[in-house]
Structures are given as structure tokens and as C-alpha cells.
Amino acid sequence: MKRIQMTLSSKRDVARELARRYSTMTFEELDQLEDMIVATRYRKGEMIIDEGEICTGPLWVESGLVRVFYMKNGKEITEHLATEQHIVMSIESLFYEKPSSLYIEALENSIIYELPKERLEEAAMHSVNIQMLYRKILEESLINSQRYADLIRFESAAEKYKRLMKQQPELFLRVPLTYIASYLQMTPETLSRVRSSVIID
């Protein structure tokens, strides 16, 4: 894993995109956000967070593809797949500063921007807009977790497949089907059967 030198303009673009998505910012607040962002390049297959490491801040996927998974009975269970312009984190590890039970892996060569929690919370104490940005990032993560839990609990295999195809069709071109099957909590054989029988509207 290597830190990469990013131009101020590229970090500024990320700060502007985060502000556009989550909270209005003054120029001074954009400067603060830009200054705290840390950019890291990961190679395909490299761990962004390994089991037992602590998640130190929300992670913005600038380019590439990221998988969040955990181990159960010796098997990898995919919990989340994040493409460009999405936030990913191990939220319990972040909140409680405890070793993560989740792995976060780059499935493609990826550039990830971290918003270090310590600096983010310090800035939030003096800026309502940065406080709002931080709150909305955490809200989004919790809402997405709830939606995924509802998807798994209440929808059939065909419904889960159709929803994912409508919401993130690019995953089927970029992610191994074994990971997609795991994410939808079905066997690869069931996924293959569903894909051959379901018609997407």
C-alpha cells in the first residue's frame, strides 16, 4: 500500500463533491475538508482494512471497486459492494475505535479518500456544515445497512436479483458472480438459475 501524491485541485474536487452531496460549504470549510482528506492507491486484491485493524474514517471511493466482507464458518460472506462516488466504512469499528470484524478489499485498482474521524470530529465542533456532512455520511451508511437487511430478510431470490440489476447493473460486469451470490445470500447455482429465468422490466 502506498500513499499517492495528489494535486490540490483533485483533492478540492473531492471536497466539492462531498459538499455537493452532503452539505453546503463556505470556501473556508472547503479548505478544511480538502486539507484533511487522505488519498491512498490500492492494487486489485489489496486489503484496505484487514480483520483486526481499526477503521479510522469514512472512505470515499474515487475510482475502482470495493468489497466489504466477513468470515463465517470458514467462508467469506460479502456484505457490501461499493463503486465510484460511494462511501464505505466499518461503522462499529469507527464508532468504538475497536478492531474491525470486517474486511474491506479493493476488487479493482482503486483510489480511496479517507476522511480521518479525529480531524472530521474536531472540525465539526467548530462548523455546523462539516457537522452536517459527517452526520449525513453516517446516516447514509446506517440507512443503506437497514435497506440491505430488509432486502435479505423479506425478498425472494428473484426479487433480490431484480432489485440489484435495477440499482447497480454495472456490478454484474465488474464483480465475480460468486461475490454477488454471497452478497444476495444465495448459492452461485441459485443465482445462475435466477439469472436465466428472470426478465428485467
Side-chain angles (χ1 to χ4, degrees), residues 1-2 40-95 98-114 137-201:
M1 180 177 69
K2 293 183 179 179
T40 308
R41 187 190 303 275
Y42 295 91
R43 295 183 298 274
K44 179 179 179 179
E46 194 169 5
M47 288 298 173
I48 300 167
I49 295 179
D50 216 336
E51 185 183 36
E53 294 181 347
I54 295 174
C55 179
T56 54
L59 305 169
W60 171 260
V61 183
E62 173 65 13
S63 64
L65 175 67
V66 168
R67 175 174 76 119
V68 180
F69 69 96
Y70 59 93
M71 300 300 296
K72 183 176 181 180
N73 300 325
K75 293 184 178 180
E76 295 180 1
I77 308 297
T78 299
E79 185 175 274
H80 186 55
L81 295 163
T83 53
E84 292 85 357
Q85 315 299 297
H86 286 88
I87 291 278
V88 66
M89 70 187 85
S90 175
I91 198 163
E92 184 179 16
S93 176
L94 180 70
F95 279 150
K98 60 183 283 189
S100 176
S101 59
L102 301 174
Y103 300 81
I104 302 181
E105 175 191 16
L107 291 185
E108 298 174 353
N109 292 338
S110 302
I111 296 177
I112 307 296
Y113 289 81
E114 180 182 3
I137 284 173
L138 296 176
E139 280 181 358
E140 181 179 270
S141 180
L142 291 169
I143 289 168
N144 287 338
S145 294
Q146 182 64 55
R147 285 175 176 166
Y148 174 67
D150 291 345
L151 173 80
I152 296 305
R153 281 199 301 262
F154 302 127
E155 299 198 4
S156 67
E159 288 169 338
K160 288 187 285 189
Y161 169 73
K162 288 176 73 173
R163 184 180 294 277
L164 188 60
M165 273 296 296
K166 287 182 177 179
Q167 292 179 347
Q168 294 179 280
E170 73 280 3
L171 292 180
F172 289 87
L173 300 175
R174 299 171 64 180
V175 178
L177 291 179
T178 52
Y179 293 162
I180 292 178
S182 175
Y183 175 66
L184 296 176
Q185 293 199 7
M186 60 180 74
T187 65
E189 293 75 19
T190 298
L191 177 59
S192 179
R193 187 167 59 251
V194 168
R195 291 185 76 204
S196 65
S197 62
V198 169
I199 297 174
I200 303 298
D201 300 329

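Positions are given from 1, in the same order as the sequence printed here. Heavy atoms only: backbone and side chains are in, while hydrogens, waters and symmetry mates are out.
Between L171 and T83 the shortest side-chain heavy-atom distance falls below 4.5 Å. A 4.5 Å side-chain heavy-atom check between L81 and Q168 finds every atom pair outside the cut-off. Between L138 and L94, the closest side-chain pair of non-hydrogen atoms falls below 4.5 Å. Looking only at side-chain heavy atoms (C-beta outward), E79 and R67 stay at 4.5 Å or farther from each other.
Note on D150 versus R147: no salt bridge recorded, every NZ/NE/NH1/NH2 to OD/OE distance being 4.0 Å or above.
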For V68 and Y103, what are the C-alpha separation, side-chain angles and deciding distance, and is it a side chain to side chain contact (heavy atoms under 4.5 Å, CB included)? CA-CA 6 Å; V68 180; Y103 300 81; over 6 Å; no
Evaluate I87 against W60 for side chain to side chain contact (heavy atoms under 4.5 Å, CB included), listing each step before the verdict. CA-CA 5 Å; I87 291 278; W60 171 260; 3.7 Å; yes
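For Y183 and Y148, the ring centers are positioned less than 6.0 Å apart.
I49 contributes atom CD1, which lies 10.0 Å from atom CE of M89 (distance to the nearest 0.5 angstrom). From C55, atom SG reaches atom NZ of K98 across 13.0 Å, with rounding to the nearest 0.5 Å. Between the CD atom of E105 and the CE atom of M47 there is a distance of 4.5 Å, given to the nearest 0.5 Å. Here the CG atom belonging to L107 is positioned 8.0 Å from the OG1 atom belonging to T78, to the nearest 0.5 angstrom. Going from atom CG of L102 over to atom OH of Y70 covers 9.0 Å, rounded to the nearest 0.5 Å. Atom CZ of R195 is separated from atom CG of L177 by 5.0 Å, given to the nearest 0.5 angstrom.
The minimum heavy-atom distance between E108 and R174, with the atom names listed, is OE1-NH2, 2.8 Å. Nearest heavy atoms, R163 versus L151: CD-CD1, 3.4 Å. Taking every heavy atom of both residues into account, R41 and E46 meet most closely at O-OE1, 4.5 Å. Pairing each heavy atom of S110 with each of L65, the nearest pair is OG-N, 3.2 Å. L191 and L184 get closest at one heavy-atom pair: CD1-CD1, 4.4 Å. Counting all heavy atoms, side chain and backbone alike, A106 lies closest to I48 at N-CD1, 4.1 Å.
Using cut-offs of 30° and 60° on the angle between ring planes, the pair F172 and Y161 is perpendicular.
Between the side chains of E114 and T56, a donor-acceptor pair is found at a separation under 3.5 Å.
Judged by distance alone, the side chain of S192 and the main-chain N or O of P188 form no donor-acceptor pair under 3.5 Å. Judged purely by atom type and a 3.5 angstrom limit, N109 uses its side chain to pair as donor or acceptor with the backbone of K44.
Other residues, nucleotides and ligands place more than 12 heavy atoms under 6.0 Å from the CD atom of E84.
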